[in-house]
Amino acid sequence: MKNGFRFIVLSVLLFMGLVSFAQSFNGGLLAGGVISQVDGDRYSGYHHLGFTAGAYVNLPFDDNFSLQTELKYSLFGAHSSVDEVEAGQNPYSLNLHYVEMPVMARYNLGLLNINGKHLDFLVLEAGVSFDFLMDNSESANNEPALYTKRWNFFSMTANVGVHFDLNERWGVGIRGMYSFLPIRIFVDNVQSNLVTHFYNKVWQATITYNIMAPGR
């Protein structure tokens, strides 16, 4: 985990250094909350609470279209629900600590207007995230797991979302995320032909602060 945090700190410093030198770019900080689950396990529902924090650099191509790269630490995972435990399943918790590097295409809806009001405060975005697993932990029956399942170090995630510019500096965003490369591939020791793929399924809400030039 120490190596993961060192990687994050150094990467963020480099990221913000690039922002300070690239005056044609916009850049800033972001932080927020995450709810997630893992497709492929025995548990369902967005019962795992996590968070995300990092920085972004945004390159505008014109008044409406831009490309944004981000560097974030994010906590994903899975958690059993009260109903599942009451139904007889073991209490379970999984924490997956990621460094995410999303690349997002963003389109500002300023060309549209409703009753004469332009929607320049509204941005649609879509892209891909390159995710690197820094650490993981599991517990069952409220006890740490005695073994470590093999979770993939690298995965890729599809991202779609919407961002609202509150003013020139502050904004809020909502993003849906689903990994299209598995975060784990499980082969049953008894039935070797039984293979299960696991995927992250995430909703994320963030607050952004624009350090550089306004108007992203």
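- Pairing each heavy atom of E138 with each of W151, the nearest pair is OE2-NE1, 3.5 Å.
- Atoms CD and OG, on E100 and S155 in that order, are 8.5 Å from each other to the nearest 0.5 Å.
- Considering all non-hydrogen atoms of both residues, K72 and P102 come closest at CE-CG, 3.8 Å.
- Applying the salt bridge (Lys or Arg N to Asp or Glu O under 4.0 Å) test to E125 and every residue at least two apart in sequence or in another chain returns R106, R175.
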Next on the checklist: What verdict does the side chain to side chain contact (heavy atoms under 4.5 Å, CB included) test give for H48 and V34, after you've listed the backbone C-alpha separation in whole Å, the side-chain angles of each residue and the deciding distance to 0.1 Å?
Outcome noted: CA-CA 8 Å; H48 185 277; V34 171; over 6 Å; no

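- The two residues P91 and S80 make their nearest non-hydrogen contact at CA-OG, 3.5 Å.
- Each of L29, T208, I211 was scored for a side-chain contact (heavy atoms from CB on, under 4.5 Å) with Y56, with one residue passing: T208.
- Applying the side-chain contact (heavy atoms from CB on, under 4.5 Å) test between N108 and each of L122, L124, N64, D62 identifies N64 as the sole match.
- Considering every non-hydrogen atom in both L94 and Y92, the closest pair reads CB-OH, 3.5 Å.
- Taking each heavy atom of D41 and A78 in turn, the nearest pair found is OD2-CB, 3.6 Å.
- Residues F186 and H197 form no side-chain contact, since every pair of their non-hydrogen atoms from C-beta on lies 4.5 Å or further apart.
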Next on the checklist: Let's go through Y73 and H97 carefully: what are the C-alpha distance in whole Å and the side-chain angles of both, what is the deciding distance for side chain to side chain donor-acceptor pair (under 3.5 Å) to 0.1 Å, and is it a yes or a no?
Outcome noted: CA-CA 7 Å; Y73 164 78; H97 302 265; 2.5 Å; yes

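- Y199 and F132 fall into different hydrophobic clusters, where Ile, Leu, Val, Met, Phe, Trp and Tyr residues are linked whenever their side-chain heavy atoms come under 4.5 Å apart, directly or through other members.
- A chain of hydrophobic side-chain contacts below 4.5 Å, direct or via other Ile, Leu, Val, Met, Phe, Trp or Tyr residues, connects F180 to M101.
- In this structure, L133 is a member of the same hydrophobic cluster as M177, with clusters built from ILVMFWY side-chain heavy atoms closer than 4.5 Å.
- Note: F130 CZ to T69 OG1 = 11.0 Å, rounded to the nearest 0.5 Å.
- Between S44 atom OG and K201 atom NZ the span is 9.5 Å, to the nearest 0.5 Å.
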Item to check | Audit row: H163, M104, side chain to side chain contact (heavy atoms under 4.5 Å, CB included) steps and yes/no | outcome: CA-CA 12 Å; H163 188 276; M104 305 294 293; over 6 Å; no

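- Expressed to the nearest 0.5 Å, how far CD of Q68 lies from CG of N26 amounts to 9.0 Å.
- Between the side chain of N159 and the backbone N or O of T157, at least one donor-acceptor pair lies under 3.5 Å.
- Summarising the geometry, atom CG belonging to N210 is positioned 12.0 Å from atom CG belonging to L166; distances are rounded to the nearest 0.5 Å.
- Both V162 and I207 belong to a common hydrophobic cluster when Ile, Leu, Val, Met, Phe, Trp and Tyr are linked at side-chain heavy-atom distances under 4.5 angstrom.
- With rounding to the nearest 0.5 angstrom, the NE2 atom of H47 is 10.0 Å from the CG atom of L49.
- Note: Y209 and W170 have tilted aromatic rings, judged against thresholds of 30 and 60 degrees for the angle between ring planes.
- Each of N200, D39, V202 was evaluated against Y178; a single residue qualifies, D39, per the side-chain contact (heavy atoms from CB on, under 4.5 Å) test.
- For the pair P60 and S66, the tightest heavy-atom approach, listed with the atom from each and the gap, is CA-CB, 3.7 Å.
- There is a path of hydrophobic side-chain contacts, each under 4.5 Å, that joins L59 to V128.
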Checklist entry - Given F198 and T196, is the side chain to side chain contact (heavy atoms under 4.5 Å, CB included) satisfied, shown in steps? => result CA-CA 7 Å; F198 295 77; T196 305; 3.8 Å; yes

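- Note on ring orientation: taking the six-membered ring where Trp is involved, the planes of F121 and F164 are parallel (angle under 30°, cut-offs 30° and 60°).
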